[in-house]
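Take a look at the structure set out below.
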Amino acid sequence: MSGSKRVKSLSLSCLLFLTTAGCSVGPDFHKPEVKAPAQWHDALPKAESYVTTASADPAWWKLFNDPALTRLEEEVATSNLDLKAASLRLSESTAERRIASAAQFPRIDGAASYARERASSNGILGLLGTLEQREAGTVANGAQGFGPAAAPGSVGNPSFNLPQYGMSASWEVDLWGHVRRQVEAATAAMHGMEELRRDALVSLMAETAQDYIDLRTTQAQIDILNSNIDIARKSVKLTQLRFEQGAATKLDVAESTGQLHDFESRLSPLKSQEIHMLNALSFLIAKEPGALGAELGKHQAIPPVPQEVPAGLPSELAERRPDIRMASERLHAATANIGVAIADFFPRITLSGSLDVQALQFSGLGSWASRQYGFGPTATFPIFEGGRLTGQLHLRKAQQQEAATMFQRTVLKAWEEIDDAMTAFTAAQDQRNRLEEAVHENEIAVQMAKRQYAEGASDFLNVLTIQNTLLSSQSNLVNAKAHVSVAVTHLYRALGGGWENIYPVQPKQKAA
């Protein structure tokens with residue numbers, strides 16, 4: 001065969017080889033579709049504040065127009081320890097993906113060694129001979145080999161120096177996509193960890209807002225109770241004065257005093273709850289207990305909800321909610337692992353080679369005659385695995401089916417949480433409105449009962465009963481207002497997505 005024909009044949013072989021190496025066995029991943037309704041489901045009639053399909057602001061907590069809450073959210077995003085741990089897990093997953101992708105490239109190693117050795121005359125070298133007899137002292141000069149004829153007698157073979165250096169290389173020819181599928185699975189796992197980090201961020205934003213609202217709710221309860229304690233003290237003074245004037249009985253004094261002590265007994269648990277909420281917020285921003293006492297200890301109103309609450313379109317949910325995207329990436333990784341399992345049934349070819357320099361004398365290390373080398377392909381293929389490969393393939397297929405089922409469950413759970421949050425949002429507003437009316441009427445009733453008591457037209461028990469009813473309705477109203485605001489935080493937690501625009505994670509890497 002002429003030189004030109006050999007070149008053409010070699011080129012054709014290389015082209016065929018590269019074409020074959022480009023195939024990947026196993027199923028290809030296709031992103032599952034999420035069927036979404038055209039609009040959000042309104043479980044109850046539209047209330048004063050309602051959900052719209054306008055684009056949701058990623059920094060949704062700014063809807064409350066509360067600077068203290070905004071500062072807390074920003075500090076949580078930069079200081080929270082759980083979020084930092086999630087970021088580190090993402091870095092770990094990124095490193096694992098890099099380790100997996102390294103198998104696509106050749107591996108080259110260099111080595112150098114020096115040894116002082118002595119061969120045994122009674123060992124395996126006793127089977128070897130030399131071409132001629134020589135003095136024992138000239139055996140290790142590199143001119144002849146070892147053997148019993150080279151060093152007869154009890155002296156044996158002498159010690160010798162063996163310096164050498166060289167390099168070796170190996171590369172697995174990815175004929176069936178074994179390595180590429182591994183890289184694909186590792187990339188999907190890395191993206192899944194990225195979504196897990198985003199999901200942690202979404203949860204922390206909602207948890208911070210809810211804890212802040214709970215703090216303001218507790219402070220409002222304390223203010224209401226203090227107001228009622230002041231009223232109760234005035235009632236005690238009034239009954240004592242009327243008792244001294246003979247217009248009231250000792251029973252009236254005892255009842256009014258008992259009510260005062262009852263109100264005062266409720267104050268300590270609320271103050272304890274306030275400290276607990278302050279400590280919970282301090283923990284979220286990685287600070288010691290009591291660190292937020294000066295900043296948040298001053299009582300403020302519960303953050304109000306605006307009239308319109310933008311939620312975006314239902315069709316955007318799959319792209320915005322991190323747990324849905326995470327479930328999709330897990331399905332992707334499970335699908336790629338099926339390809340890895342199938343590729344294990346096929347032969348694996350590795351190209352390897354080595355080039356070394358070895359000499360018995362250091363002066364010979366620079367000589368071209370001291371070189372030694374070897375190169376060529378190595379093929380390995382399974383013959384009998386005892387069912388291991390088949391079992392592994394069945395395992396990967398089952399894991400892929402499980403991941404697909406969990407994806408469907410995640411999507412369905414997302415719709416459930418959104419619908420529940422919208423229902424709770426509307427119901428809380430209705431409850432708040434009813435309680436506002438109840439508080440207004442109870443306040444009128446208390447004033448009338450006090451006037452009747454002062455005029456002697458009613459006993460003090462009626463005043464106590466109506467006063468307790470007012471306190472209960474005031475407390476319930478505060479809780480209802482808090483439920484409205486908390487429902488918004490639950491809604492945005494259920495909606496997910498968008499938050500990476502403010503606090504980005506590492507960008508997604510494409511599979512090599």
Side-chain angles (χ1 to χ4, degrees), residues 31-43 50-64 69-70 72-74 76-77 80 82-83 85-87 89-90 188 190-213 284 305 308-332 403 406-425 485-508:
K31 191 173 181 180
E33 295 183 2
V34 177
K35 296 182 180 179
Q39 59 184 7
W40 300 114
H41 170 241
D42 291 329
Y50 52 89
V51 177
T52 70
T53 56
S55 298
D57 186 353
W60 53 265
W61 47 88
K62 293 182 180 179
L63 290 173
F64 293 115
L69 175 58
T70 300
L72 277 175
E73 298 284 8
E74 293 173 350
V76 165
N80 183 264
D82 290 334
L83 194 57
S87 298
R89 286 192 292 270
L90 173 59
M190 179 189 69
H191 292 166
M193 195 60 66
E194 181 178 339
E195 300 303 338
L196 183 62
R197 192 262 185 194
R198 286 194 177 101
D199 190 60
L201 178 61
V202 171
S203 297
L204 285 169
M205 297 295 101
E207 182 181 355
T208 301
Q210 181 168 346
D211 286 353
Y212 180 82
I213 293 170
L284 287 175
V305 177
E308 295 185 3
V309 178
L313 296 172
S315 58
E316 300 171 347
L317 181 66
E319 296 300 326
R320 295 169 48 196
R321 185 155 164 146
D323 59 341
I324 294 180
R325 295 187 298 191
M326 180 171 57
S328 176
E329 295 295 348
R330 287 176 176 171
L331 177 58
H332 188 176
M406 293 305 298
F407 177 83
Q408 295 176 352
R409 181 188 183 279
T410 301
V411 173
L412 188 60
K413 186 65 176 177
W415 291 121
E416 178 192 358
E417 291 177 355
I418 292 173
D419 196 73
D420 287 348
M422 289 185 175
T423 302
F425 181 44
S485 298
V486 169
V488 173
T489 69
H490 289 173
L491 175 60
Y492 279 105
R493 171 65 184 92
L495 291 172
W499 330 120
E500 65 274 12
N501 297 332
I502 308 175
Y503 308 113
V505 295
Q506 299 178 15
K508 289 188 176 182

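We number each residue from 1, following the sequence as shown.
The pair R198-E195 meets the salt-bridge criterion, since a charged nitrogen lies less than 4.0 angstrom from a carboxylate oxygen.
Side chain of R493 to main chain of V202: no donor-acceptor pair is present (N/O by atom type, distance under 3.5 Å, no hydrogens or angles). S328 places no side-chain N or O within donor-acceptor distance of the main-chain N or O of I324, the cut-off being under 3.5 Å.
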Should Y492 and V309 be marked as a side chain to side chain contact (heavy atoms under 4.5 Å, CB included) after you check the CA-CA gap, both sets of side-chain angles, and the distance that decides it? CA-CA 10 Å; Y492 279 105; V309 178; 3.4 Å; yes
Derivation and outcome, side chain to side chain contact (heavy atoms under 4.5 Å, CB included), residues I213 and T489: CA-CA 10 Å; I213 293 170; T489 69; 3.9 Å; yes
Between E73 and Y212, does a side chain to side chain contact (heavy atoms under 4.5 Å, CB included) hold up when you go through it step by step? CA-CA 10 Å; E73 298 284 8; Y212 180 82; over 6 Å; no
Verdict with reasoning, M193 to L196, per side chain to side chain contact (heavy atoms under 4.5 Å, CB included): CA-CA 5 Å; M193 195 60 66; L196 183 62; 3.7 Å; yes
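Contact record, L83 with A77: CD2-O, 3.4 Å, taken as the closest heavy-atom pair.
For the pair I418 and L317, the minimum side-chain heavy-atom distance is below 4.5 Å.
Of the inter-residue distances, the one linking L204 atom CG with T208 atom OG1 reads 6.0 Å to the nearest 0.5 angstrom. One finds the NE2 atom of H332 at 13.5 Å from the CZ atom of F407 (value rounded to the nearest 0.5 Å). We find the CE-CE distance between M326 and M406 to be 9.5 Å, quoted to the nearest 0.5 Å. H191 NE2 to L90 CG: the interatomic distance, rounded to the nearest 0.5 Å, is 9.5 Å. Interatomic distance, OG1 of T410 versus CZ of R330, reported as 8.0 Å (0.5 Å rounding). A distance of 10.0 Å separates OG1 of T70 from CG of L63, quoted to the nearest 0.5 Å.
Take E207 and apply the salt bridge (charged side-chain N to carboxylate O under 4.0 Å, His left out) test, not counting sequence neighbours, and it matches no residue. Residues forming a salt bridge (charged side-chain N to carboxylate O under 4.0 Å, His left out) with E416 (at least two apart in sequence, or on another chain): K413. With sequence neighbours excluded, no residue satisfies salt bridge (charged side-chain N to carboxylate O under 4.0 Å, His left out) with K62.
With 3.5 Å as the limit, one finds no donor-acceptor pair spanning the side chains of E417 and H490.
For the side chain to side chain contact (heavy atoms under 4.5 Å, CB included) with V51, the lone residue among L495, V488, L491 that qualifies is L491.
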